[in-house]
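Shown next, in structure tokens, is the structure this report addresses.
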Amino acid sequence: MDEQALLGLNPNADSDFRQRALAYFEQLKISPNAWQACAEALAQRTYSDDHIKFFCFQVLEHQIKYKYSELTTVQQQLIRETLVSWLQAQMLTPQPEKTFIRNKAAQVFALLFVTEYLTKWPKFFFDILSVVDLNPRGVDLYLRILMAIDSELVDRDVVHTSEEARRNTLIKDTMREQCIPNLVESWYQILQNYQYSNSEVTCQCLEVVGAYVSWIDLSLIANDRFINMLLGHMSIEVLREEACDCLFEIVNKGMDPVDKMKLVESLCQVLQSAGFFSIDQEEDVDFLARFSKLVNGMGQSLIVSWTKLIKNGDIKNAQEALQAIETKVELMLQLLIHEDDDISSNIIGFCYDYLHILKQLTVLSDQQKANVEAIMLAVMKKLTYDEEYNFENEGEDEAMFVEYRKQLKLLLDRLAQVSPELLLASVRRVFSSTLQNWQTTRFMEVEVAIRLLYMLAEALPVSHGAHFSGDVSKASALQDMMRTLVTSGVSSYQHTSVTLEFFETVVRYEKFFTVEPQHIPCVLMAFLDHRGLRHSSAKVRSRTAYLFSRFVKSLNKQMNPFIEDILNRIQDLLELSPPENGYQSLLSSDDQLFIYETAGVLIVNSEYPAERKQALMRNLLAPLMEKFKILLEKLMLAQDEERQASLADCLNHAVGFASRTSKAFSNKQTVKQCGCSEVYLDCLQTFLPALSCPLQKDILRSGVRTFLHRMIICLEEEVLPFIPSASEHMLKDCEAKDLQEFIPLINQITAKFKIQVSPFLQQMFMPLLHAIFEVLLRPAEENDQSAALEKQMLRRSYFAFLQTVTGSGMSEVIANQGAENVERVLVTVIQGAVEYPDPIAQKTCFIILSKLVELWGGKDGPVGFADFVYKHIVPACFLAPLKQTFDLADAQTVLALSECAVTLKTIHLKRGPECVQYLQQEYLPSLQVAPEIIQEFCQALQQPDAKVFKNYLKVFFQRAKP
């Protein structure tokens, strides 16, 4: 072996050595006999370096996984012998191998097992067991091999081919017949032998039992001697977590519902009499988390049994199952309320399913009602934040609590289904008593009280948020709580979690303010002052900006009396913060977008006359325009690139803000009706010069382009005079990405204004195409994937443009470009349909071709087009699908083929019998198609039903391709 290359395996080796080692590994993988050197090194323990041993196993692994069938019988025998002699050597070495080597060796054994067990090595386990006997090192490896085999055969995370899945099923069946009882006996011996002397091996063995129990005969494990031993392990501190998991796997195994019930009940009796149900005596939270998972498994298993028995009509046993479930509820509640969230989280599944049973019962007993209430109180208590929660810097623990809260929310929703009245009454009680004394109550209790009110909205669903109409008692309870929320002064509570919960709840129940509009002013003030948009926490300000825009939008009819006051109060929040003097504005630019949108909504939806709306909109946008002009001048003069970037950012924000205000307009309230066209046209005139700025082109163009998209919708034809010069600027020295983003703008204009923009399109058609072709023809590195992808996307955009032009009834735009240019365009479409393996573009090209045939393919079409149809379009319809890259199993490709069929049908429609004659006598014979197939093809083409031909065409090409 190349000793120099092996040095690179050490993690501390420098990168040259590491590269060399990698190259050596690749070389050994390809070489037909190099693996033998590795096998020899392992069998004879040539190397002491761990990384080299690991490397040798990797080479063997590759050989078994990918090259095994190429080996001779002797070579396969050598691999078997190598592994067995390596295993024998492990019994004798003074030091065991490192864990990562033992795991890798186990994987290699497992690979060889799945490859050979059914054919060459049926005595695999007997051979291994005869080598390891009860030697602790040997047992350790034997158990690791069993775990590796289990993950090869049943691990659901590993994707297997259908062939492998069949093989795995066969291996499991054969193992069940031939060796599982012996394996189970070996596990029993290992557990009995090592339970008091070697906890590591015992835990490994328990893990193996837990893994295999899911697919072997349960009676081999669920019997007195095994279960008694496992229950004994539950009392040994170092074993009990693994024993718990093992019992969980046994309980989880699918079986007859009555048998399952008996198994669970007998386990519970033993656990209970051994004192495991006394949770408060137990201090080890790690063990309790596993125990909680076990109780959850037992509870859910009983519920599955109950469900099956009810379904089968076995009422007597179903009653017994329900009785068994009920006796576990007290334990479930103790675990649910436990202060450790992991313990609580592990029992939620049982709790949820238990509530689902209660939901199905017509009448609840007093005890069941008491259980529902106890679960409710537990959920309310567990929703509460603890003292350690870090609101300013949320890390992993905080994220886990947020997830746990989501689980509790599901329980709350399920409680609402079982007993909505009880939930409402409980929440109301907690809410009222907490808010009465909020000044002297800890933040987490105030937060959870408001949170519960917030959660009721989803737990007690209504359509369109109509919580305050319909069911009178529910509506009045919610109305009371909302009134208390907004009048209690709790919005002043000095903790971010309470503040945020207040605003979230106010917005969720916005319909309350249509019932009691007198509370709107005080809530608006909370949004606008130090409690909301001017809060000391940036997180609160940011969220409030979004919530404020939602609040105003949903209550726009009630906002009229407050509009001018709000606009005055948010004035300073609208300022464009320039990148000067480190000035830190209260809101980020993303937050300001919401404030601009809110201002727009207030103005547009007001009851003011158009002149007043126009004046207010001008007040809102004029400062932006002024600032924009100044900053653009500064950018032109800026030398430092960092400063240029921050100025460009700021200019982009200005355009974005103006754009966002236009979201307020609608079909009912158009820009024209509100008298605001002039203001937006002024904005357009202010922003367009940025397109000719040579600095920071990408960001400036992108902002102005987005604004143009918005203005095409808002200003309609008033925007048209600005389009030619904007287009001219955007086509100057542009990259693939610029064009790709510019084309949708032209498509939008074409589709919207059609004939109105025909002169403009005719004028800019060839300049746009030249720009596209110039970028597409630029040479790029052969393996530069991002450049190739950019070109592919640009090609798609180009074809989408041609599709828009032809589809909008504007084919004259192409026809008027002169014969030479028209031909050049048509050739690119043919190339797109045939030469590039991109089914999305191919589909578009066939749509363009059928459209052009429909428009120009008749007797009065342009001179020479009929020739083009036969010379190029018809061949394209055959050459494209015949390409190897045209994959008929791919959905996008099938869509492209479907459009290809439409093209052929359209040609037949336009040219009639002449087309059939051409196919019969000239084209198809030139492809060496058999006469009877030609006949069949032409008959299918002449079928009136297009679908018949589409289906036929797919079969035609499937037959034609080798």
Side-chain angles (χ1 to χ4, degrees), residues 180-181 184-185 187-188 191-192 195 202 205-236 239-279 281-282 287-310 312 314-335 346-347 349-351 353-354 357:
I180 288 293
V184 173
E185 187 54 40
W187 303 337
Y188 184 75
L191 290 174
Q192 203 174 31
Q195 56 188 341
T202 310
C205 191
L206 289 170
E207 195 185 346
V208 167
V209 175
Y212 278 72
V213 100
S214 70
W215 58 274
I216 64 174
D217 176 3
L218 187 64
S219 64
L220 294 168
I221 304 289
N223 50 43
D224 285 350
R225 68 173 192 155
F226 246 106
I227 296 289
N228 288 339
M229 187 188 291
L230 287 173
L231 290 167
H233 294 166
M234 289 284 285
S235 305
I236 302 173
L239 304 180
R240 60 189 192 158
E241 289 182 26
E242 260 328 320
C244 231
D245 285 352
C246 190
L247 285 171
F248 170 78
E249 294 299 342
I250 292 170
V251 164
N252 242 18
K253 168 122 173 142
M255 58 194 287
D256 171 79
V258 178
D259 292 346
K260 173 63 71 76
M261 184 164 68
K262 286 178 180 157
L263 173 70
V264 170
E265 282 304 83
S266 62
L267 266 182
C268 279
Q269 278 166 0
V270 182
L271 289 170
Q272 190 164 9
S273 55
F276 284 104
F277 284 16
S278 312
I279 302 299
Q281 313 290 299
E282 180 58 65
F287 168 68
L288 268 185
R290 306 279 183 108
F291 181 67
S292 185
K293 180 180 159 194
L294 172 60
V295 176
N296 191 61
M298 294 196 291
Q300 287 187 305
S301 294
L302 288 172
I303 289 172
V304 169
S305 292
W306 178 82
T307 310
K308 285 179 181 169
L309 292 165
I310 287 285
N312 300 341
D314 185 346
I315 303 302
K316 179 177 170 295
N317 279 314
Q319 266 319 109
E320 262 184 63
L322 186 56
Q323 193 49 47
I325 294 162
E326 294 287 358
T327 58
K328 314 289 174 292
V329 171
E330 190 188 340
L331 177 61
M332 170 187 84
L333 283 165
Q334 283 179 291
L335 292 164
N346 282 348
I347 201 76
F350 175 23
C351 203
D353 293 347
Y354 172 64
I357 287 186

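If you read the sequence from its start, that first residue is 1, and numbering goes on from there. A quick note: this is a predicted structure, and the numbers were derived from the prediction, not measured.
To the nearest 0.5 angstrom, Trp306 atom CH2 is 5.0 Å from Ile357 atom CD1. With values rounded to the nearest 0.5 angstrom, Ile236 atom CD1 is found 8.0 Å from Thr202 atom OG1. Taken from CG in Asp353 to CG in Leu302, the straight-line distance is 11.5 Å, to the nearest 0.5 Å. Atom CD of residue Gln300 and atom CG of residue Asn252 lie 8.0 Å apart, to the nearest 0.5 angstrom. Once rounded to the nearest 0.5 Å, the distance linking CG of Leu331 with CD1 of Ile347 reads 6.5 Å.
Counting only distance, with no hydrogens or angles, the side chain of Asn312 and the backbone of Lys308 share a donor-acceptor pair below 3.5 Å. Remark: side-chain polar atoms of Ser305 are paired, donor with acceptor, to backbone N or O of Ser301 under 3.5 angstrom.
In terms of heavy-atom proximity, Gly210 sits nearest to Cys246 at N-SG, 3.9 Å. Summarising the geometry of Cys244 relative to Leu294, their closest heavy-atom pair is SG-CD2, 3.9 Å, with the distance given to 0.1 Å. Between Phe277 and Cys268, the closest heavy-atom pair is CZ-O, 3.9 Å. Ile310 approaches Ala318 most closely through the heavy-atom pair CD1-CB, 3.8 Å.
At most 12 non-hydrogen atoms from other residues, nucleotides or ligands lie less than 6.0 angstrom from CD of Glu330.
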Stepwise side chain to side chain contact (heavy atoms under 4.5 Å, CB included) check, Asn296 with Asn346: CA-CA 7 Å; Asn296 191 61; Asn346 282 348; 5.6 Å; no

Worked check of side chain to side chain contact (heavy atoms under 4.5 Å, CB included) between Phe350 and Met298: CA-CA 8 Å; Phe350 175 23; Met298 294 196 291; over 6 Å; no

Worked check of side chain to side chain contact (heavy atoms under 4.5 Å, CB included) between Ile221 and Ile216: CA-CA 9 Å; Ile221 304 289; Ile216 64 174; 4.2 Å; yes

Side chain to side chain contact (heavy atoms under 4.5 Å, CB included) between Asp217 and Ile180, intermediate numbers included: CA-CA 9 Å; Asp217 176 3; Ile180 288 293; over 6 Å; no

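By the side chain to side chain contact (heavy atoms under 4.5 Å, CB included) test, Ser278 pairs with Asp280, Gln281, sequence neighbours left out. In terms of the salt bridge (Lys or Arg N to Asp or Glu O under 4.0 Å) criterion, residue partners of Glu320 (sequence neighbours excluded) are, by chain and number, Lys316. Under the side chain to side chain donor-acceptor pair (under 3.5 Å) criterion, Asp314 pairs with Asn317, sequence neighbours left out. Partners of Tyr212 under the ring-ring contact (aromatic ring centres under 6.0 Å, His included) rule, at least two apart in sequence or in another chain, are Trp187, Trp215.
The shortest side-chain heavy-atom distance between Asp245 and Glu207 does not fall under the 4.5 Å cut-off. Looking at Phe276 and Gln272, their side chains never come closer than 4.5 Å, going by heavy atoms from C-beta outward. Between Phe248 and Phe291, every side-chain heavy-atom pair lies at or beyond the 4.5 Å cut-off.
Looking at Leu271, Ile279, Leu335, Leu288 one by one, the single match for side chain to side chain contact (heavy atoms under 4.5 Å, CB included) with Val295 turns out to be Leu335.
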Name the atoms and distances for all side-chain donor-acceptor pairs under 3.5 Å in residues 225-235, with sequence neighbours left out.
{"from": "Arg225", "atom 1": "NH2", "to": "Glu185", "atom 2": "OE1", "distance (Å)": "2.7"}
{"from": "Asn228", "atom 1": "ND2", "to": "Asp224", "atom 2": "O", "distance (Å)": "3.1"}
{"from": "His233", "atom 1": "NE2", "to": "Gln195", "atom 2": "OE1", "distance (Å)": "2.7"}

Compile the donor-acceptor pairs under 3.5 Å between side chains in residues 257-265 and protein atoms, sequence neighbours left out, one pair per line.
{"from": "Lys260", "atom 1": "NZ", "to": "Val251", "atom 2": "O", "distance (Å)": "2.7"}
{"from": "Lys260", "atom 1": "NZ", "to": "Lys253", "atom 2": "O", "distance (Å)": "2.7"}
{"from": "Glu265", "atom 1": "OE1", "to": "Lys328", "atom 2": "NZ", "distance (Å)": "2.7"}

